[in-house]
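Input: a single structure, listed below in structure tokens.
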Amino acid sequence: MTSLSSVTPHDTLSPVAQAAHRARAAAADLAPLPRSAKDEALLAIADALEARADEIIEANAVDVERARAAGTSESIIDRLTLTPERVRAIAADVRQVAALPDPVGEVVRGSTLPNGIDLRQVRVPLGVVGIIYEARPNVTVDGAALCLKSGNAVLLRGSSSAYSSNTALVGVIRDAVGGSGLPADAVQLVPGESRDSVTELMRARGMVDVLIPRGGASLIRTVVEGSTVPVIETGTGNCHVYVDADTDIDMAVDILVNSKAQRPSVCNAAETLLVHRDAADAFLPRALDALAEAGVTVHGDERVASYAEATKATIVPAVAEDWETEYLSYDIAAAVVDSLDAAVAHIRLWSSGHTEAIVTTSQAAARRFTRLVDSTTVAVNASTRFTDGGQFGFGAEIGISTQKLHARGPMGLPELTSTKYIVTGDGHTR
């Protein structure tokens, strides 16, 4: 029987449309495959990434050099850069995905109806997933691995700033996938570097089943507002750390510094610190010194600024825009609040709905905070940096959804599936 993925679309179609047609055919071939076939391909990808790491890093160096020449910020360059250690970590993530349970075919719910019909709701692949993302080459591999494991074909549209890196990575992945007997067109880089190719992907309704944007607020807004293809909205990370009146100062300082400075260029890094007034005198001098040692500039309100002379901190006056800013840099907004409820009110007003943390020794305060704060993740006495598919045990994530439909929070394999109903009767008629 002729494989659906061998059907070639008419050559008068645009390159993007042709890629979408090939992806749709590949998705049809991929969907019924057993877990063993998909896992074999994933392990081959991981091995190939390590074996061809020099080739990948050489291509990445071209992107990094071009980004530096263009005056790109160091936080973006950090996201863009691949090192031997990062390539090994990406390969390890792929192996972790291979080890995860396959969601396809899982029975979500089922029952025998009163009339004797057997009804089951089972997970099925979404089909063709388009991912539009910025200068993070690891997303190329994460997206490919998660989509393959969940039985989806993927169209990857990274930013032009990572074009050389993504081209090399997709080449390695396609060789490994094809060598494992799966359709290589299950993983494709969307042709073209201009915005026209992005627009065409966003309008490929009927060929692309869902789009997932990963990047800053401008990118996400552009995709959400301009796409005719359904979008799973991943959100920006204006994450908060609230230090309660009853708190362990040592723990609070450690959590704050880790949340902000462990890797400030990612969406789960803290961007705002809120401190209960009753904890301010004990906490802020130590916290501000710790932030200063980590190289963090504090955008503080008047009450935070009053501690400047007693610390090593660099404090600049906070303005309204600071409370809504996702810095992605060594900057943090900070304010003293009069109560837990005031902290919650601030978060409700300014948060992007990503991750908020409370540091407290009061179980009552923790319970109230977790009840009142409506974000994808609410952490109690833990860093905001734990909001991550890998940290949650999901394997490499496709993104962190801040919407409330279908998927919310770190998106692992189940979030890349839909469902269908299987109705089994014995000659039943209605």
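Quick note: residue numbers are just sequence positions, from 1. We use all heavy atoms of the structure for the numbers below, so side chains are in, but hydrogens, waters and symmetry mates are not.
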Under 6.0 Å from the CD atom of Glu55, do we count more than 12 heavy atoms belonging to anything else shown? yes
Quick check against the 3.5 Å criterion: does His428 have a side-chain atom that pairs as donor or acceptor with the backbone of Asp426? yes
Is the closest basic N to carboxylate O distance between Glu233 and Arg221 below 4.0 Å? no
Salt bridge or not for Arg348 and Asp374, using N-O below 4.0 Å? no
Do the side chain of Ser259 and the main chain of Ser383 share a donor and acceptor less than 3.5 angstrom apart? no
Quick one: does any side-chain atom of Thr376 pair with a main-chain N or O of His354 as donor and acceptor, under 3.5 Å? yes
May I ask you to decide whether Glu65 forms a salt bridge with Arg68, counting only side-chain N to carboxylate O separations under 4.0 Å? no
Should Val128 and Arg24 count as side-chain neighbours, where that means a heavy-atom distance under 4.5 Å? yes
Beyond-backbone contact of Thr247 with His276, side-chain heavy atoms, under 4.5 angstrom: no
Of the non-hydrogen atoms in Leu155 and Ala19, which two are nearest, and what is the gap between them? CD2-O, 3.9 Å
How about Gln363: does its CD atom have over 12 heavy atoms from other parts shown lying under 6.0 Å from it? no
side-chain hydrogen bond (donor to acceptor under 3.5 Å, both in side chains) between Ser197 and Arg157, intermediate numbers included: CA-CA 9 Å; Ser197 64; Arg157 181 50 168 90; 3.0 Å; yes
Is there a donor-acceptor contact under 3.5 Å from the side chain of Lys420 to the main chain of Val122? no
If only atom types and distance count, is the side chain of Arg263 paired as donor or acceptor with the main-chain N or O of Ala269 below 3.5 Å? no
Any side-chain heavy atom of Pro101 within less than 4.5 Å of one from Glu106? no
Do you know which two heavy atoms are closest between Trp323 and Ala334, and how far apart they sit? CH2-O, 3.3 Å
According to the interplanar angle, ranging from 0 to 90°, do the rings of Phe394 and Phe392 count as parallel (below 30°), tilted (30 to 60°) or perpendicular (above 60°)? perpendicular
Do the side chain of Asp301 and the main chain of Val336 share a donor and acceptor less than 3.5 angstrom apart? yes
Begin with the C-alpha distance, continue with both residues' side-chain angles, and end with the deciding distance and a verdict on side-chain hydrogen bond (donor to acceptor under 3.5 Å, both in side chains) for Glu40 and Ser180. CA-CA 7 Å; Glu40 181 181 347; Ser180 300; 4.9 Å; no
Under 4.5 Å between any side-chain heavy atoms of Leu169 and Leu156, yes or no? no
Taking all heavy atoms of Ser329 and all of Lys260, pick out the closest pair and write down the distance. O-NZ, 3.0 Å
Using the ring of each side chain (for Trp, its six-membered ring), is Phe369 parallel, tilted or perpendicular to Tyr242, with breaks at 30° and 60°? parallel
Can you tell which of Val229, Val190, Asp196 makes a side-chain contact (heavy atoms from CB on, under 4.5 Å) with Leu201? Val190
Identify the two heavy atoms, one from Cys147 and one from Leu416, that lie closest to each other, and give their separation to 0.1 Å. N-CD1, 4.2 Å
For the residue pair Glu200 and Ser14, establish whether any side-chain heavy-atom pair is separated by less than 4.5 Å. yes
Nearest atoms (heavy-atom pairs only) where Ala144 meets Ile173: CB-CD1, 4.0 Å
Steps toward side-chain hydrogen bond (donor to acceptor under 3.5 Å, both in side chains) verdict (Asp341, Ser339): CA-CA 5 Å; Asp341 286 355; Ser339 64; 5.5 Å; no
In terms of side-chain geometry, is the basic nitrogen of Asp47 or Arg95 positioned less than 4.0 Å from the acidic oxygen of its partner? yes
Give a yes-or-no answer on whether the side chains of Asn238 and Ser352 include a donor-acceptor pair shorter than 3.5 Å. no
Give me the atom names and distance for the closest heavy-atom approach of Thr355 to Ser375. N-CB, 4.4 Å
Are any non-hydrogen side-chain atoms of Pro137 and Asn166 less than 4.5 angstrom apart? yes
Sidechain-backbone polar pair: Asn152 side chain, Gly127 backbone, donor-acceptor under 3.5 Å: yes
Side chain of Glu356, backbone of His240: donor and acceptor closer than 3.5 Å? yes
Other residues, nucleotides, ligands: >12 heavy atoms within 6.0 Å of Asp54 CG: no
Residues Asp175 and Arg52 bridged, charged N to O under 4.0 Å: yes
